[in-house]
Peer 1: 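Can you keep this structure in mind? I'll have questions shortly.
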Amino acid sequence: MTSTPVASVNPPVQLEFDDNRLLPMLFGEHDQHLARIEQATGVSLVSRGNRLAISGPNEAVALARTALLALYQRLKRGLPVDMAEVDASVRLARVEDGGSEMNLFGRLGSDGSAVRTQRRHITPRTPMQATYLKALREQDLVFGLGPAGTGKTYLAVAVAVAMLTKGSVDRIVLSRPAVEAGERLGFLPGDLREKVDPYLRPLYDALYDMMPADQVVKRLSNGEIEIAPLAFMRGRTLANSFVILDEAQNTTPVQMKMFLTRLGDGSRMAVTGDLSQIDLPPGQRSGLQDAVDTLAKVEGIEFVRFTDADVVRHPLVSRIVRAYDAQQARGDAQPAKGAPAAPKSGR
């Protein structure tokens with residue numbers, strides 16, 4: 001595969017691909033991948049045979065070129081390319097800022113940062129996701145903080161499943177605060193499992209995405225995978241386990257301390273939450289916020305902070321998150337009702 005350098009005068013850049021069989025997957029059905037890259041970068045893409053002409057401003061052409069070549073390298077290694085990977089390649093190419101397609105190919109998870117489970121080959125789709133995956137592999141305790149749709153819980157479950165499959169841990173323990181922070185389950189119908197399942201459904205969904213259904217059922221029944229409300233963690237020591245606490249913003253400081261001190265020998269722990277979506281009663285401090293403040297300088301703990309730029313759901317989700325953040329910032333800037341107004345200068 002060869003390419004001409006980006007020229008300052010802006011003639012079209014010609015990419016030539018050496019394996020025509022990969023081009024339908026690179027271009028997408030009805031060239032939908034090319035259309036998405038055009039929309040995201042502002043370039044024009046015209047394909048003829050095994051060549052692709054890229055026209056547009058120099059910076060946009062360089063961005064599209066890097067993203068396309070990184071996607072092509074994925075296909076040459078036998079990795080899939082879908083619309084989500086196309087979006088990820090453009091997103092990461094912006095951060096790469098003129099770097100090579102091989103650097104970007106590595107950041108897309110092909111340098112060993114990808115997670116392989118029985119049903120999925122999961123690669124980071126933002127630089128912060130790559131940082132998060134690295135932390136989950138290397139640190140005993142990782143906090144994933146940020147808005148919905150950034151992959152905090154999904155990636156933690158993926159790493160946990162991969163470690164369980166390889167035998168690096170003996171079991172996975174997944175937990176959430178069941179009803180806000182109060183664990184008030186008594187009013188719900190059914191036995192304990194029927195009471196807590198609705199609150200733990202997102203964790204089940206992630207598991208079924210990573211493993212065949214029969215494997216999930218088998219491992220749940222033999223205890224290799226345990227899903228339980230936070231209240232059931234008290235008094236336990238969790239050794240040789242990968243432990244995940246989801247929706248941690250809805251814990252109290254007492255609950256958070258209790259959970260963190262369950263960590264036993266040979267275990268890893270991931271704590272995920274969104275501090276902008278706290279459901280605790282007014283005046284109640286979030287255990288997640290308390291842990292962030294208390295443990296900020298403790299060695300061996302890593303905090304990974306996602307932003308709206310890391311949202312990998314529908315593009316509209318990023319804009320929704322930004323709009324709510326802006327509204328909250330405006331609200332924080334307003335004086336509280338009944339508070340004295342700021343004094344005016346002069347007379």
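By convention here, the first residue in the shown sequence is residue 1.
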Peer 1: Report yes or no: do Asp209 and Tyr154 form a side-chain donor-acceptor pair below 3.5 Å?
Peer 2: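 There is such a pair (donor and acceptor under 3.5 Å, judged by atom type) between the side chains of Asp209 and Tyr154.
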Peer 1: Answer yes or no: is there an ion pair linking Lys218 with Glu224, defined by an N-O contact shorter than 4.0 Å?
Peer 2: no
Peer 1: Any donor-acceptor pair under 3.5 Å linking the side-chain atoms of Glu247 with those of Thr272?
Peer 2: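 No pair is found: no donor N or O on one side chain lies under 3.5 Å from an acceptor on the other.
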Peer 1: Would you call Arg36 and Asp87 a salt bridge, taking side-chain N to carboxylate O under 4.0 Å as the test?
Peer 2: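 Looking at Arg36 and Asp87, the cut-off is met.
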Peer 1: Would Lys134 and Glu302 satisfy salt bridge (charged side-chain N to carboxylate O under 4.0 Å, His left out), going step by step from the backbone distance to the final call?
Peer 2: CA-CA 11 Å; Lys134 184 172 185 291; Glu302 186 160 350; over 6 Å; no
Peer 1: Check whether more than 12 heavy atoms from other residues, nucleotides or ligands sit under 6.0 Å from atom OH of Tyr208, and answer yes or no.
Peer 2: yes
Peer 1: Counting neighbours of CG on Asp265 that are heavy atoms of other residues, nucleotides or ligands and sit closer than 6.0 Å, is the number greater than 12?
Peer 2: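 Count not over threshold, so no.
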Peer 1: Kindly check if the number of other-residue, nucleotide or ligand heavy atoms within 6.0 Å of CZ (Arg285) is above 12?
Peer 2: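 Enclosed.
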Peer 1: So, the side chain of Ser241 versus the backbone of Val243: is there a donor-acceptor pair under 3.5 Å, distance only?
Peer 2: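 Not at all, since once roles are kept as given, no pair shorter than 3.5 Å links the two residues.
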Peer 1: Can you check side chain to side chain contact (heavy atoms under 4.5 Å, CB included) on Met269 and Leu245, steps first, answer last?
Peer 2: CA-CA 8 Å; Met269 185 174 282; Leu245 175 61; over 6 Å; no
Peer 1: Name all residues meeting the ring-ring contact (aromatic ring centres under 6.0 Å, His included) criterion together with Phe303; count only those two or more places apart in sequence or in a different chain, and write none if there are none.
Peer 2: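 Counting only residues at least two positions away or on another chain, Phe303 forms a ring-ring contact (aromatic ring centres under 6.0 Å, His included) with Phe143.
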Peer 1: Would you tell me whether Asp310 and Thr126 have side-chain atoms, one donor and one acceptor, within less than 3.5 Å of each other?
Peer 2: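 Distance-only check passes for Asp310 and Thr126.
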Peer 1: Any chance you could lay out the salt bridge (charged side-chain N to carboxylate O under 4.0 Å, His left out) test for Lys76 and Asp19, step after step, and finish with the verdict?
Peer 2: CA-CA 9 Å; Lys76 291 188 75 171; Asp19 191 341; over 6 Å; no
Peer 1: Determine whether Lys152 and Asp246 satisfy the following criterion, salt bridge (charged side-chain N to carboxylate O under 4.0 Å, His left out), listing intermediate values before the conclusion.
Peer 2: CA-CA 9 Å; Lys152 305 182 298 297; Asp246 190 30; over 6 Å; no
